[in-house]
Each structure stands twice: as C-alpha cells, then as structure tokens.
Amino acid sequence: MKFASSYEPGEYESDIYGAWEASDIFAPSTPTVPVDNDSDGKDDRDNKNTYSIVMPPPNANGNLHIGHGLTIALEDSLTRYYRLKGKSTWYIPGADHAGFETWVVYERNLEKQGHTRFEYDRNELYARVWDFVAEQRGNMELQLRALGASCSWNDLTFTLDENVIDRVYTTFEKMWNDGMIYRGEKLVNFCPKHQTAFADIEVEHKDEKGTLWDIAYTYDGGEIIVSTTRPETLFGDAAVAVNPEDKRYKDLIGKTVHLPLTNKEIPIIADEHADPEYGTGAVKITPAHDFDDFEVGERHNLERIKVIAENGTMINVPEKYYGLTTAECRKQVLKDLKAADLFRGEKQLVHSVAHCYKCGTVLEPMLKEQWFVDVEKLASVAIKHLEKNEIKFHPANKQKVLINYLKNLKDWNISRQIPWGIAIPMFRRITDAATDEPDWIFDRRTHLKEIEVAGVKYVRDEDTFDTWFSSSHWPIVCTNWTEDNFNPYYPLNVMETGADILFAWVARMIMMGLYVTGEVPFKEVYLHGLVLDAHGQKMSKSKGNVINPMDLVAKYGSDAFRLGILRGRSAGMNQAFSEQSVISGRNLCNKLWNISRLVQSIVDETPEDALSRSVFGDGPNMERPSPVTTGARERSEKDASLASYETLNMGEDWICREINDCLKQVESSMKNYRFAEAVEVLYQTIWDKYADWFLESQKIFKNTGLLKQTLETILIALHPFAPFVTEAIWQNLSWTDGFIATAKWPNKLKFDPISAAEFESLISVVSEVRGTLQALPGTNNAKKYSLLYGNDSLVEDNLLLIRTLTKVPAINALDGHPRGLRLALANHELYLDVPEKVVTEYKDALTEKILSVGRELDALNARMANPNYVERAPEHLVKETKDQIKEKESLISRLKSQLELI
RNA sequence: GGAUCCAUAGCUCAGUUGGCUAGAGCGUACGAUUCACAUUCGUAAGGUCGCAGGUUCGAGCCCUGCUGGAUCCACCA
C-alpha cells in the first residue's frame, strides 16, 4: 500500500528535500544577473514578477536555535506562498562569520590548548579561525534544509565573501571621502577580558548592589566631601564639580582642593552635572573613566588622565598602586583613606553597571582612539524616508519606535580589536615620514601590514569592523546590487528578523541602503518576538528550559514543528511555545495523510483515473503502479482550475464554498503577515469541514472528479506551511504530476451558492440530533432511536446522508400523529422516536432549553424596544434582529407545546 | 526619567475602520469505535473581556485615569 496508515515524516523528509534540490526548483525564474537579449543596452528584466527575501545569516559555526526555527518557518512560508502564486522567488541564504561570537568560542578553544591570541599575528589568527569556521559550517546548513527552507543554495552569501568585503570597502571609502568617518579619542565601553571595545548597543546594563563611599577632599580651612562608587579612579580626577545653584558650595567655586593620597591640587568647578539632591552634591570628575565626566571635562577643558590600562591594571598612579587591578587598588585606597582620616562614611545602593554581553565582565569606560561614523546625515535621511512611509512595519508601532531611536542616535564606533572580522582599510603614516603627508590614508590592500604610497610608508590599523557595519549591507550584497545595473530584486519585498535587533541591524540596513543605493533596502519589515517556554519564561541555559528545534523535528517532523511554532504567534510579541502545539501540527499532518489515503482509495475504485508519472526516485515509499495507458492526462492536470468536476449534491457545493472562503482568508492573512491566522483557517477547513463533513458525505456519493480537485486545492494551500507532508502526499497520489512545491496556486472553485447554503441547514439538523441523543438518559442512544420526519423536504431528500452522519438506525416519514421528542429546530419538523418514559425524563433539559432560548429572545426584544437602536443602527442589523425574534418565538412555542404534551 | 507593548476560558492565544448569542487549540468531563486516521469520532461544561469612569443606539475594541506584567532607550557620582 502506498499510503501507510499513518504519516511517518522521517521516511520522507530528507528524500523530498534532496529531490527538490536536485531539480533546482528553488532558484528564481527571473535571472539574477543582467540580461540583454535584444542588445539595446538595457536590462530586459522587470521587477513585476519577482519576490525577494534574505535570510538573516545564522552563525556559521553554531547550531540553529528556536529563534532560527521561527525565522525559517516565517520566511519559508512567505517564499513558498509567493512561489505558488507564480512569483520568481529568491530566498537568499546566508552564513555569518559572527565576529565577536565566533571569536569568543575560538579564543576559548585556544586557551584550552594552553595558547593565547598574543602568540600569533593577526593574519595568522584570521586564517586559523577561517579553517575553524569552514569545518563547522555545513552543520548549520543541513539544519536549514531539515527545516525545509526553500532557499537558493547557489546564492549563499557568507559575511566574509569577497564581494561583501569589496562592498564594505567601497562604502567606507565613500564615507571617508564624504567626511563622515573620523578618528577620535573617546570613551568606549571596553571589555578587559576580550580586549575589545563595543558599540553602545552591545552593552548590557544590569542593576547591581554597590557601595557609595564618602571621601573628604581638603582645602585650607575645610573639606568638601564627594561621594563615589569608584574610589580607585580618584587618581584620574581632574576636578570636583558642584552645581552652580548650590548655595552650600557657592563660595568654593574656583578654589582648589587637595586630591587625597597625592600631592595634586584640583579645581572646584561649577557644572549642571552635579545634582544637589544626590549624595553631598559634590562630585569628583574623572574624564578618562566615566562617560558623564568625559563630557564635563570637555566643557571645562580638563585633562584626561588615564589611570586604568586596557588589561585592567592601574597606571599613572603613585608607585604604591601601580600595577594593581582595579579591585585591589580600590581596597588599598579605602584602607589608606581611612588611615589618613579622609574617609567619611559609606552606604549601600543599587546602580546599573555595564557588562560584556558575552562574558559578563564589568566593562570599563576606556579612553581610546577609534574610528567613528558621523551618523547625523545617515540618520536624518533615514528618518525622512521612514516618515514618508516607504517601509511598512509589522507590527506597525515599530516605525515610530525606530524613528525615535534615529533621532537620538549618537556617533557610531565601528572599531573592534578582534582579529576575526573585516580589516579596517586604513593605514597610518609612519612617524618619521614627511610631515605634509596625511596621517591616515584609505587603501584596500588590507592583506598587507605595511604599504608604500608615493614613497611614504604606512602601517595598517589592526582593528576590524563592527559586524553591524558590514551586515548593514546585507540586502545590497545578497542581491548583487550594483551602481551600473537595474536590479529587479532590490529593494527586497520584505525583511524578516527579530524585534530585538531593530536598532542594531534594521536601522543600520535602512541607513546604509539609502546611503549606498538611494533607495530603502526593503519595502516591508516583519519583526518576530522571542520564543518563550510554555510558561512564558525566557529560554536560557541556566534555567534549563531551552527547546532545541532539531529535537522536535526529529520527533514530530519538520512540518509539525513549523505549524506548531506559527500557531498563536503574532508580529513583535514575545510568546510562549510548547511541545503541545507541535503535537497538534503532527496530528494535522497525519489527518491530511489519511484524508489523502481515503480519497485515493475512492479514486482507485475507478481504475481509468489511476495514472501518473513519478518525478522522483525509487525510494520504497515512492513506488506506484505502472502507468495505465488510457486517456493520458497532460501536465495541465496540476493546474487545479482546469480539472473537471461537477457538483452533484449540496455537500459538494458547500465544500467548494468553504474552500474558496479558506483560500481568500489565507490570501489576506499572508498579505498582512498573519501567519497564525492562515494556519488556523487551514486547520479548521481541512479538519472540521473537509474531513468531518465533506468526506463523511463522500463515503456515500464518491464524486472522484471533485475529490481530486478539492484535495489538490487544500494540499497546495497548506504547502507553504507544511511543505514535506504535502509533497509526500502529492508524490503518492496517482493522478498528480510534478512537484507541489512548484504547482500553481488554485483558482476559486465553481459551485451553486443556494445549494451550498442548504447544507448548513443539514449540518444544524444533524448537530441537533447528535446533541439531543447525547443529552437523553442512557448510552448508545444513536443506535436505539430512529428519526421521524414531518413535511420536510430537506430531510426527505437526504435520508441516507442524515442516517450516515447521525448513525440512527432508521428515518421514517411520520404516519399520522406526531410522537416521541420533537427536536429544537425552528424550521424543521423532526422527532426522535423515543418512548414516553424517556421524554418525561428529558423534561428538565427541555425546560432549561426553553429558558435559555427565552433569555436570548428577551435580549433581542430589549434591543428592539430601544427607539434609538431602531432609528440609528444600520437597516440590515435591525432587520436581522427582527428575523431572529421571529425564529426564536417559533422555536419557543414548539418547545412549549412539546412540554405540554409531557 | 523617556518610550513601547501586554492583561479575554484552567493553559496558550484569536477577536483588522465599534454591530448578530465573545472564538480556537490544548486541558477537563461524559459518550462512541470492525468500515481513512486512537496521531480517531461525537457531545458538553468552562468567560462581570485587569479595575474605575467617559463617548455611543451599541464598547473586548475608542477616550481618560488606575493596577499588574514585559521590553527597549537614557541615567544612576
């Protein structure tokens, strides 16, 4: 048997992916390189039929985590949907060198082997990490395949590919020439462990308990007490600041105080930065080691005295403290202050402290010469385009959030002291050269340590770029955008990524896209939130609640994972996820499998229908009977709209209508990025409508043309979300052809709307029968009692169907007097043939039913009693209310007469 | 300090310009089962839509205030 009794994803998934890839169906149909067939010098391509999306590159040396799972589920659903819709889809995969992340892993390995980074020069380290990453990379790519990502593998972009580096250098050169790059000595957040600076955005602030110490700075005839959490930095103090409005210290402004433990005198200055309400109102100013103090120092032209070295030890301090770590120094300073009777007390406080987001080390504000990008122009251009709504955001509020961020953006430190990254293409003049040559020159030859230009020698800056500087070019480099040619794939149709990197990445892609190409890099942005555990908690290794997507794929299948993670998820929100939703997805796949199995078995009863060709290998599950030769069908069979069928009864019209509604809802959901809704409506349609009502009725009618057509339609509609099971079924069905992955999105089905609506009545009749049978005392009622009908054409015309669906033993026309229990249906005369005794026992339930219908009727009447409602509400609503009142009234009177009979 | 989001059934979530009796999945209870599927089928219970006001014929949805939770940015000597 081709269809086993349950769907086993493990038996199909890798074969299916292999077949897709071997047939190269994920490459876009519109060429990605310029085409000029008529040699008129113009590109013949257009962007009307293209759909482009790039993958946020996963870390090349890591494993995919749950967030990647969500990313792929979202992006691949879009890609597959638009592919079925006939677009030339280009889903471009990527791999990230993940500068700092990878470096941390590599350096840890080095340390384990008893080595340090300082044993090697930069080029050698780079080469070693390159090999390390190359070894790891295939793993991540296999996992993307397991998730079903239908990306164009030939176009995979690695963040250190030559074209990426070229593009980054071109941009940097342009910025340098435009005067947007400057070298500045500024305070940067510096990790003493990793020996590198970070951008503001990479810093993690955590609230910590600390101590605030009061220290006396003396002057002739008195002392001024300052409060500090960092006594060890006092050697770098350049002043003491007080608020100009602070009466206590007014007379001291301009005087000098003695800096404790030294022979230095420093001035007392007036600056707004000092808050009279905080501590003593006087604050020590250490321009080289505190961000605020740096600014105070700039205002007052104070000396920047660097007392902490990059390795975290003390420098430029009295002999006694030299070389101590900051912690040791703090201890010693406090001890010495007490001995000198300059210590004036301490108190506990909670303050936020900057930490390295990778190793947790407390970051040191460090005075360093670094490369900065002047972001003013970049940000203002981006704001202008954002305010013109050139990019649509999902969720919409992120547009405002982003604009707000850009308005407050500070200059961007792009230097990193990590070997693993793109070298900054700047060279410094060696000091003894002629003095009229520039200090720094741009040059692409970063593989050289030293270059000579016009007889002057220059040495390369050893720093590398912040990875966000290069990844801000991602849409540009992935689509091979160039200055010279029209590119039908740029801007991207959508940028899908995590809401947590809206600032770090999305903002920078927009700025860079506009700077380089003059256009926004994408038309829409979809941001997903965090995937939380089943209880809404953040996943973390320390909590032990991390869910590995690959485990779920192995256990339940790729489709189940995708369906599960998309359910109940909406843009931008951090939402819970549990194995249970994956199990639901698995169940749907199995349901669909069995639906197909049933349809195939009905089709098989008509042998001339059984014909197809296999597109695929000879796996044990992929075999099918030899083709039958009668009436060979053309490939157009897979175009669902061309298949022929006729609807022969109202259930058939009804399912056509329901499937059409479903398609419409899926289309509108996809347009609005409401993935969960698309999945939900498919789930309902396939399970509750197709299987539970339509297929049940087809056990009687067996309309093979329609069965084939409708099954194809729902398979294609579900394919974007569950690519494997739909393909596995497609390949197993006897009449389908080609890949479902490249099928055509179905057209609407034709049906008779009046007949379709009548089926709703039948459903309500059947439901009422089932409900009443369950409510009656006793078990197995469906087998005990038959139905009697009065003058009712719906029932009369559908005796067999109603009998099948309700499982009652018989349905007979009422001969003479009504008997048994009349069902609570306003428009049908139907009785359950039950003995008087049972009817009597049912009395309470009947009374309750009358009361509940009565309450509904009261509410409707109250509405009509309100003259304002009748006057002001839309006419159709008023009419509807009237109709409902009529229906309820008739139902109630029937139920009441029944009750009287008892 | 600035900003954003969230609060609907036991749990996780829908509910799109305000409009029919507020929905789904899971869970729970009861019942079924040779006939595609126990990864099944049927039935049911379960909600003052966080609280308090306001606008409206009509509010889960709009407005104001409050409470609770989350996140981001800035700052914390």
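None of these values were measured; they are calculated from a predicted model. Order of the sequence lines fixes the chain letters, A, B, ..., with proteins taken first and strands second; residue numbering starts at 1 for each chain. Only heavy atoms go into these numbers, but all of them, side chains included; no hydrogens, no water, no symmetry mates.
Atom CZ in R567(A) sits about 15 Å away from atom P in G15(B), given to the nearest Å. If you take CG of L402(A) and C1' of C72(B), they are 12 Å apart, rounded to a whole angstrom. Atom CD in Q399(A) sits about 18 Å away from atom P in A3(B), given to the nearest Å. When rounded to the nearest whole Å, the span between CD of E272(A) and P of C75(B) equals 17 Å. Rounded to whole Å, atom P of A74(B) lies 9 Å from atom CZ of F503(A). Taking atom CG of residue D275(A) and atom C1' of nucleotide G1(B), one finds them 12 Å apart after rounding to whole Å. What separates CD of Q575(A) from C1' of A14(B) is a distance of 10 Å, to the nearest Å. In this structure, L552(A) places its CG atom 18 Å from P of U39(B), rounding to the nearest Å.
Between H876(A) and Q774(A), it is H876(A) whose nearest contact on RNA chain B lies nearer the 5' terminus. Closest-nucleotide positions on RNA chain B for R770(A) and L695(A) were compared, and the one nearer the 5' end corresponds to L695(A).
Counting non-hydrogen atoms under 4.0 angstrom, S570(A) reaches the backbone sugars and phosphates but no base. Looking at heavy-atom distances under 4.0 Å, K284(A) makes no contact with the nucleic acid at all. At the heavy-atom level, E887(A) lies nowhere under 4.0 Å from the strands shown. In this structure, K407(A) reaches neither bases nor backbone, as no heavy-atom distance under 4.0 Å exists between it and the strands shown. Using a 4.0 Å heavy-atom cutoff across all strands shown, P395(A) reaches no nucleic acid atom at all. K398(A) comes within 4.0 angstrom of no nucleic acid atom, judged by non-hydrogen atoms across all strands. When heavy atoms are screened at a 4.0 angstrom cut-off, R855(A) is found touching no nucleic acid atom at all. Among the protein residues, E696(A) comes within range of the nucleic acid bases, having at least one heavy atom under 4.0 Å from a base atom. Contact annotation for L212(A): backbone-only contact, meaning every heavy-atom pair under 4.0 Å involves sugar-phosphate atoms and none involves a base. Within the 4.0 angstrom heavy-atom criterion, only backbone atoms of the sugar-phosphate kind lie near Q684(A); the bases stay farther away. At a threshold of 4.0 angstrom between heavy atoms, the contacts of W213(A) with the nucleic acid are absent. Among the heavy atoms of the strands lying under 4.0 Å from E880(A) is at least one base atom, whether or not backbone atoms are also near. At the heavy-atom level, A576(A) lies under 4.0 Å from the strands shown only through sugar-phosphate atoms. Residue E856(A) is in base contact, counting any heavy-atom pair closer than 4.0 Å across all strands shown.
Of the charged side-chain nitrogens involved, none lies within less than 4.0 Å of a carboxylate oxygen, so that R567(A) and E677(A) do not count as a salt-bridged pair. Contact check on K849(A) versus E768(A) returns a salt bridge, with a Lys/Arg side-chain nitrogen under 4.0 Å from an Asp/Glu carboxylate oxygen. Looking at E880(A) and K882(A), no side-chain N of the basic residue comes within less than 4.0 Å of a carboxylate O on the acidic one, giving no salt bridge. Salt bridge annotation for R863(A)-E856(A): absent, with no cationic side-chain nitrogen under 4.0 angstrom from a carboxylate oxygen.
Looking at every heavy atom in both residues, N404(A) comes nearest to N408(A) through O-ND2, 3.1 Å.
Here G19(B) is the nucleotide among U39(B), C37(B), G19(B) with the atom lying nearest to any side-chain atom of P874(A). The nucleotide whose nearest atom lies closest to any side-chain atom of N590(A) is, among U43(B), C26(B), U39(B), U39(B). Of the candidate nucleotides C6(B), A70(B), A36(B), A70(B) has the atom lying nearest to any side-chain atom of N574(A). Considering only the side chain of M573(A), A14(B) comes nearest among U4(B), A14(B), U21(B). Nearest to the side-chain atoms of N594(A) among the listed nucleotides C37(B), A74(B), U39(B) stands C37(B). Of the candidates C5(B), U16(B), U40(B), U16(B) carries the atom nearest the R674(A) side chain, counting heavy atoms from C-beta on. Of all nucleotides listed (G19(B), A24(B), A14(B)), A14(B) comes nearest to the side chain of E677(A). When distances are taken from the side chain of L860(A) to each of G19(B), U4(B), U21(B), the shortest belongs to U21(B). Nearest nucleotide to the side chain of T779(A), out of C37(B), G31(B), U21(B): G31(B). Listed nucleotides G19(B), A24(B), C5(B) differ in distance to Y869(A); the shortest reach to its side chain belongs to G19(B).
Using a 4.5 Å cut-off on side-chain heavy atoms (C-beta onward), L302(A) and I285(A) make contact.
For the OP1/OP2 pair of G25(B) and a distance below 4.0 Å, the side-chain nitrogens and oxygens of R586(A) include no atom meeting the criterion.
With W412(A) as the aromatic partner, R508(A) meets the cation-pi criteria of under 6.0 angstrom to the ring centre and within 45 degrees of the ring axis.
Side chains of S584(A) and Y683(A): a donor-acceptor N/O pair is absent below 3.5 angstrom, by distance only. Looking only at atom types and distance, the side chain of S734(A) has a donor-acceptor partner in the side chain of Q600(A) under 3.5 Å away. Judged by distance alone, the side chains of S6(A) and E8(A) do bring a donor and an acceptor atom under 3.5 Å apart. When only modelled atom types and interatomic distance are considered, T685(A) and Y690(A) share no side-chain donor-acceptor pair under 3.5 Å.
A donor and an acceptor atom never sit less than 3.5 Å apart when one is taken from the side chain of K400(A) and the other from the base of A3(B). In this model, no side-chain donor or acceptor of K538(A) finds a partner on the base of U71(B) within 3.5 Å.
Comparing A52(B) with C61(B), their P atoms sit 13 Å apart, to the nearest whole Å. C51(B) sits 15 Å from U67(B) when the P atoms are compared, rounded to a whole Å. Using P as the reference atom, C62(B) and A70(B) are 24 Å apart when rounded to the nearest Å. Of the P atoms belonging to G27(B) and U12(B), the separation is 15 Å, rounded to the nearest Å. Atom C1' of C75(B) sits at a distance of 25 Å from the matching atom of G68(B), rounded to the whole Å. Between U8(B) and C13(B), the distance separating the two P atoms is 9 Å to the nearest Å. Separating the P atom of C35(B) from that of U17(B) is a span of 47 Å, rounded to the nearest Å. Taking atom P in both G18(B) and A32(B), the straight-line distance is 49 Å, to the nearest Å.
Using cut-offs of 30° and 60° for the angle between ring planes, the H394(A) and Y673(A) rings count as tilted.
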- request: For RNA chain B, just give me the dot-bracket, please: Watson-Crick or G-U, both distances below 3.5 Å, ( ) intra-strand, [ ] crossing earlier pairs, | paired with another strand, . unpaired.
  value: (((((((..((((.....[...)))).((((((....).))))).....(((((..]....))))))))))))....
